[in-house]
Student: 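Here's a structure for you.
Being a predicted model, the structure only gives us computed values, none of them experimental. Residue numbers start at 1 and run along the sequence shown.
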Amino acid sequence: MRKNPCSLNGLNITIRKVRLLCCTEKQYSSLFLGKKGSFYVKGFPWHPHRGIETITYLIQGDIEHGDSLGNTGRILAGECQWMTAGSGILHQEMPKPSERMFGLQLWLNLPAKDKMVSPKYNGIRKEDIPVVDEGDRRIHILAGVYGGKAGAMAGDYRKPLLLDVAVCAGAEWSLEIADNMTLFIYIFQGAGTFGSEQVIPAKHAVLFDETGTFLVKAAGQGIRFFLMVGEPLRESIAWGGPIVMNTREELQLAFRELEENKFIK
């Protein structure tokens, strides 16, 4: 496994942002984790996306959003937004003043054949996310299937398993991972070990190279983490800010269309 310390940066907002980029596996994802404070109100004004899906999961806070499809609303604590950018979408994410902004955004790369599908928005309410209580372990199923129970989303183009997992101090939790899959976690709170003696604390992302059994043992304060399991695309990546394509030519075309007001199909 590989551990990536997070860093502080962002766009018009102070955030804790983590990027996992594994060129050998040809996959891409990006996450952010908010910090406490009033500076969140600056937010992310109107900006484009193409070639990906953005999945925003909010544990605490309040985010007002809008997009070029005409969708408007708010993401509240315990809720999720799954947005397929596809051929292109403009949207804004504007955090409202709150005691703490605490959540994560995942960028899920679309296959080359689906890069230019029609944009789509899915709002997922707190009550739509199944929760499995296993005593010392509590699992929220955002997407995929866990323990025979389907999550709030399945995904139209990618079929990831997305879990929010909380494990009490000293307890263990395991998950069988099929061959040829990729697994990574982001630790929200606490600390734990993952098949070794190394204790990994909060605000770290861990990308696991191995398949088989994923095992976590919570440290003294317990642990809460976001887990994703998915099949690598093994396709080339051309990444420019909020746009992720397969070739440099496709990327240049996207930015040219932005300048010429031809981005939205």
Side-chain angles (χ1 to χ4, degrees), residues 1-10 14-25 27-37 55-61 77-78 99-107 129 131-144 146-147 151 160-179 181-230 232:
M1 65 185 181
R2 294 191 290 276
K3 182 176 72 171
N4 288 18
C6 51
S7 60
L8 290 173
N9 58 51
T14 303
I15 60 175
R16 187 173 298 276
K17 190 169 185 179
V18 175
R19 288 193 182 95
L20 294 177
L21 178 59
C22 182
C23 297
T24 58
E25 295 293 336
Q27 58 186 309
Y28 170 77
S29 60
S30 177
L31 303 90
F32 74 79
L33 178 67
K35 293 176 61 187
K36 186 175 181 180
I55 301 168
T56 306
Y57 178 47
L58 198 60
I59 294 175
Q60 291 177 256
E99 182 180 354
R100 191 182 193 193
M101 188 65 58
F102 188 46
L104 168 149
Q105 186 175 85
L106 171 73
W107 290 11
I129 301 175
V131 180
V132 177
D133 192 337
E134 298 179 347
D136 288 338
R137 301 164 296 271
R138 188 174 175 86
I139 299 94
H140 293 72
I141 313 171
L142 280 70
Y146 173 77
L161 175 65
L162 304 178
L163 304 176
D164 171 3
V165 181
V167 184
C168 293
E172 295 183 349
W173 181 77
S174 64
L175 182 69
E176 292 299 318
I177 307 301
D179 292 339
M181 302 296 277
T182 293
L183 182 152
F184 75 81
I185 66 167
Y186 182 81
I187 303 175
F188 288 127
Q189 297 168 319
T193 60
F194 301 88
S196 72
E197 297 301 315
Q198 182 184 10
V199 177
I200 302 178
K203 302 174 185 176
H204 283 82
V206 186
L207 174 63
F208 294 84
D209 297 319
E210 305 87 359
T211 55
T213 302
F214 168 83
L215 175 66
V216 56
K217 183 174 181 179
Q221 66 270 54
I223 189 171
R224 182 175 184 179
F225 58 91
F226 175 88
L227 176 144
M228 173 181 169
V229 180

Student: Between CG of L104 and CE of M228, what distance do you get to the nearest 0.5 Å?
Tutor: 11.0 Å

Student: Quick check for you: to the nearest 0.5 Å, what is the distance between L207 atom CG and T182 atom OG1?
Tutor: 6.5 Å

Student: Do you know which two heavy atoms are closest between D133 and G135, and how far apart they sit?
Tutor: OD1-N, 3.0 Å

Student: Determine the minimum heavy-atom distance between Q60 and A77, stating which atoms define it.
Tutor: CA-CB, 4.1 Å

Student: Students often mix this up, so state it plainly: with edges at 30° and 60°, are the rings of F226 and F184 parallel, tilted or perpendicular?
Tutor: tilted

Student: Could you state the interatomic distance from OH (Y186) to NE2 (H204), rounded to the nearest 0.5 Å?
Tutor: 9.0 Å

Student: To the nearest 0.5 angstrom, please state how far the CG atom of L58 sits from the CE atom of M101.
Tutor: 6.0 Å

Student: In residues 163-177, what donor-acceptor pairs under 3.5 Å come from side-chain atoms, sequence neighbours left out?
Tutor:
from : atom 1 : to   : atom 2 : distance (Å)
D164 : OD1    : R224 : NE     : 3.0
D164 : OD2    : Y57  : OH     : 2.6
D164 : OD2    : R224 : NE     : 3.3
D164 : OD2    : R224 : NH2    : 2.5
W173 : NE1    : Y146 : OH     : 3.0
E176 : OE1    : T213 : OG1    : 3.1
E176 : OE2    : T213 : OG1    : 2.5

Student: Return the CG to OG1 distance between L215 and T193, rounded to the nearest 0.5 Å.
Tutor: 7.0 Å

Student: Report the distance from atom CD1 of I55 to atom CG of L106, rounding to the nearest 0.5 Å.
Tutor: 5.0 Å

Student: Indicate yes or no: at least one non-hydrogen side-chain atom of L227 is less than 4.5 angstrom from one of F214.
Tutor: yes

Student: Of the non-hydrogen atoms in V199 and A191, which two are nearest, and what is the gap between them?
Tutor: CG1-CB, 3.8 Å

Student: Where is the tightest heavy-atom contact between A218 and I223, given as atom of each residue plus distance?
Tutor: CB-CG2, 3.7 Å

Student: Indicate yes or no: at least one non-hydrogen side-chain atom of V216 is less than 4.5 angstrom from one of F225.
Tutor: yes

Student: Name all residues meeting the salt bridge (Lys or Arg N to Asp or Glu O under 4.0 Å) criterion together with D179; count only those two or more places apart in sequence or in a different chain, and write none if there are none.
Tutor: none

